[in-house]
Visitor: 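Have a look at the structure that comes next, please.
We use all heavy atoms of the structure for the numbers below, so side chains are in, but hydrogens, waters and symmetry mates are not.
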Amino acid sequence: MSDWTPKLNPTVDLRRLPLNAEEGFVLSRLDGHTREKDLPALTGFPPDKLRDILTRLVSQGALLPGTEAASPVNTVRQPGAPAGTTASPVASAPAHVAFAGAAHAPRQHAQPTASANAESAFGVGNGLTDAASAAHAYASDHPAPSLDASDTEPLPEAEAVDGADDEAGPVDDVPEAVQGDYRKLFETRLHALPEDQRVALAHGAEDPELSALCFDPVPAVIKAVLENSRVGLAHARLIARHHRNPVGLEALVARAAFAADTGVRRFLVRNPQLPAALFRRLWAMRRLMEHHKLTVDRDVPEQTRRTARELLRQRFSTGPSEEKVELILNTEGRALGALVGMPVDGKTTSLLCGRTYRSPMLVQNIARWSAAPPALIAHLLKQELVRRQPQLRMMLARHPNAPADAKRA
């Protein structure tokens, strides 16, 4: 997906548009700062489906078509129209809209309207704008489509890999070499200034000084950087990755638009100074799969991984049944090793029993799961895979919750 940043069209009343539930839900998640490629983590939709939804929203006028990039509108001749007739403008797909030079310099977010919309969309500031309010209200009346059991079938080409990031590709806007230049600028020129001068400079600095100040270890300077009207996601990611004071990290997370960014979150959880309380606040309501990925990510400090394991167990006991099924299937049961003694509810059992199992690894891990419900053990014993492999049937028959006739066989 592209670096295009979808933005609400302030001149359109979203309540008058014929939006479906998915379109309204996506609109409610837009803040004017989040890029298209970061939206799958916020919405739960696959990239291809999300791209189609954004394309429809642009064509309906709900989103600005991305005039920052070249050729955002294509002209096409209507089918059946004679050659040479006037073409009608059609907004091009958002996936093809990108900002030139985004990989070489941090983005500037000086527009007050975009900043206000971002804060409003995440429930902070003085209240929702009309457009964001309409999207939020629409999503409340039309909840996001629930995950059907058939949607979680793990396919060989699409199975989740333990420890993999939730999105492919780099999330940092600033190349490593450029980051080194910023750090060198701070260490050679800015670090020698008194603290009060660095704070004053941070309030009105421009790049490269603004990015260099993101390496400052003093929280007061970081707070001043975050108050700068030119600060953007690239600066927030530098702070999340390199700042080592919990007070400065608290100030960063206080900006909801930054805290919601995939890159900021990824660098925060890998920051050894991230407080456990701040991690809980940041990650408490994330999906179970995201919790599991942190528990097996070797780039995450052990303290944060330990907190993630605690949160995983808490969320597993209270989370939606669809997420529990997704976690078990997409990890082929590997996640069950961290869920010893954690039972599942009737709906989760029903969803698991409504599937055909073709993975020996998944069956083995369920057979080792002491809390596996009796109905699921009985269902697995009927699977063709288990009937063809005696060792799997033996493992299931030895389970404490196996049916009595299976134990006698």
Visitor: Check for a donor-acceptor pair, side chain of R368 on one end and backbone N or O of M395 on the other, with a separation under 3.5 Å.
Guide: no
Visitor: Do R230 side-chain atoms and G204 backbone N/O form a donor-acceptor pair below 3.5 Å?
Guide: yes
Visitor: Could you tell me whether the side chain of H399 and the main chain of W369 form a donor-acceptor pair under 3.5 Å?
Guide: yes
Visitor: Does R16 come within less than 4.0 Å of D13, counting only side-chain N to carboxylate O?
Guide: yes
Visitor: Look only at the side chain of N401 and the backbone of A372, and say whether a donor-acceptor pair between them is shorter than 3.5 Å.
Guide: yes
Visitor: If I take atom CG from residue L352 and atom CG from residue L380, how far apart are they, to the nearest 0.5 angstrom?
Guide: 8.5 Å
Visitor: Could you go step by step and tell me if V300 and T295 meet the side-chain contact (heavy atoms from CB on, under 4.5 Å) rule?
Guide: CA-CA 8 Å; V300 175; T295 65; over 6 Å; no
Visitor: Take N365 and R334 through the side-chain contact (heavy atoms from CB on, under 4.5 Å) test and state the conclusion after the steps.
Guide: CA-CA 7 Å; N365 285 325; R334 294 182 182 90; 4.1 Å; yes
Visitor: With side-chain contact (heavy atoms from CB on, under 4.5 Å) as the test, would you mind laying out the steps for R265 and W283 before giving the verdict?
Guide: CA-CA 9 Å; R265 291 198 308 270; W283 222 261; 3.6 Å; yes
Visitor: Is any side-chain heavy atom of L327 less than 4.5 Å from a side-chain heavy atom of F316?
Guide: yes
Visitor: Please confirm whether the backbone N or O of P219 pairs with a side-chain atom of N245, one donor and one acceptor, at under 3.5 Å?
Guide: no
Visitor: If only side-chain N and O atoms count, and only distance matters, is there a donor-acceptor pair under 3.5 Å linking N271 with H242?
Guide: no
Visitor: Return the minimal non-hydrogen interatomic distance between L396 and A367, and the atom names on each side.
Guide: CD2-CB, 3.8 Å
Visitor: Under 4.5 Å between any side-chain heavy atoms of L268 and L282, yes or no?
Guide: yes
Visitor: May I ask you to say whether R270 pairs ionically with D297, meaning some side-chain N is under 4.0 Å from a carboxylate O?
Guide: yes
Visitor: Is a salt bridge present between K49 and D52, judged by a nitrogen-to-oxygen distance below 4.0 Å?
Guide: no
Visitor: Under the salt bridge (charged side-chain N to carboxylate O under 4.0 Å, His left out) rule, what do E250 and R281 come out as? Steps first, then yes or no, please.
Guide: CA-CA 11 Å; E250 287 272 5; R281 192 167 81 235; 3.0 Å; yes
Visitor: Testing the basics here: between V225 and L213, what is the closest heavy-atom pair and its distance to 0.1 Å?
Guide: CG2-CB, 3.9 Å
Visitor: For the CZ atom of R237 and the CG atom of L252, what is their distance to the nearest 0.5 Å?
Guide: 11.5 Å
Visitor: Any donor and acceptor pair, going by atom type alone, linking the side chain of Y182 with main-chain N or O of D207 inside 3.5 Å?
Guide: no
Visitor: R189: what forms a salt bridge (charged side-chain N to carboxylate O under 4.0 Å, His left out) with it, not counting sequence neighbours?
Guide: E209
Visitor: Any ion pair linking K324 and D345 (charged N to carboxylate O, less than 4.0 Å)?
Guide: yes
Visitor: Any luck finding a side-chain donor-acceptor pair between H243 and Q273 under 3.5 Å?
Guide: no
Visitor: How far does CG of L27 sit from CD of E22, to the nearest 0.5 angstrom?
Guide: 12.0 Å
Visitor: So which heavy atom on L210 is nearest to which on A202, and how close?
Guide: CD1-O, 4.1 Å
Visitor: Would a distance-only check, ignoring hydrogens and angles, find a side-chain to backbone donor-acceptor pair under 3.5 Å from S317 to Q314?
Guide: yes
Visitor: Work out which heavy atom in G248 is nearest to a heavy atom in I222; give both atom names and the distance.
Guide: O-CG2, 4.1 Å
Visitor: Got a second to check how far L312's CG is from M289's CE, nearest 0.5 Å?
Guide: 10.0 Å
Visitor: Is F186 close to P217 at the side-chain level, that is, under 4.5 Å between some pair of heavy atoms?
Guide: yes
Visitor: Do you know the tightest heavy-atom contact between L64 and P10?
Guide: CD2-CD, 4.4 Å
Visitor: Between E227 and R255, does at least one N-O distance fall below 4.0 Å, as a salt bridge requires?
Guide: no
Visitor: Would you say that V218 contacts R198 through its side chain, given a criterion of any heavy-atom pair below 4.5 Å between the two side chains?
Guide: yes
Visitor: Under 4.0 Å between a Lys/Arg side-chain N and an Asp/Glu carboxylate O for E384 and R387?
Guide: yes
Visitor: Find the distance between CG (L201) and CG (D196) and round it off to the nearest 0.5 Å.
Guide: 11.5 Å
Visitor: Which heavy atom of L50 sits nearest to which heavy atom of L39, and what is that distance?
Guide: CD2-CB, 3.2 Å
Visitor: Go through I53 and V26 one step at a time and tell me if the side-chain contact (heavy atoms from CB on, under 4.5 Å) criterion holds.
Guide: CA-CA 8 Å; I53 294 174; V26 170; 3.9 Å; yes
Visitor: Keeping S350 on the side-chain end and K347 on the backbone end, is there a donor-acceptor pair under 3.5 Å?
Guide: no
Visitor: So, T55 side chain and R51 main chain: donor-acceptor pair closer than 3.5 Å or not?
Guide: yes
Visitor: What's the separation between atom CD in E206 and atom OG in S211, rounded to the nearest 0.5 Å?
Guide: 11.5 Å
Visitor: So, N228 side chain and H203 main chain: donor-acceptor pair closer than 3.5 Å or not?
Guide: yes
Visitor: Are R286 and E323 within salt-bridge range, i.e. N to O under 4.0 Å?
Guide: no
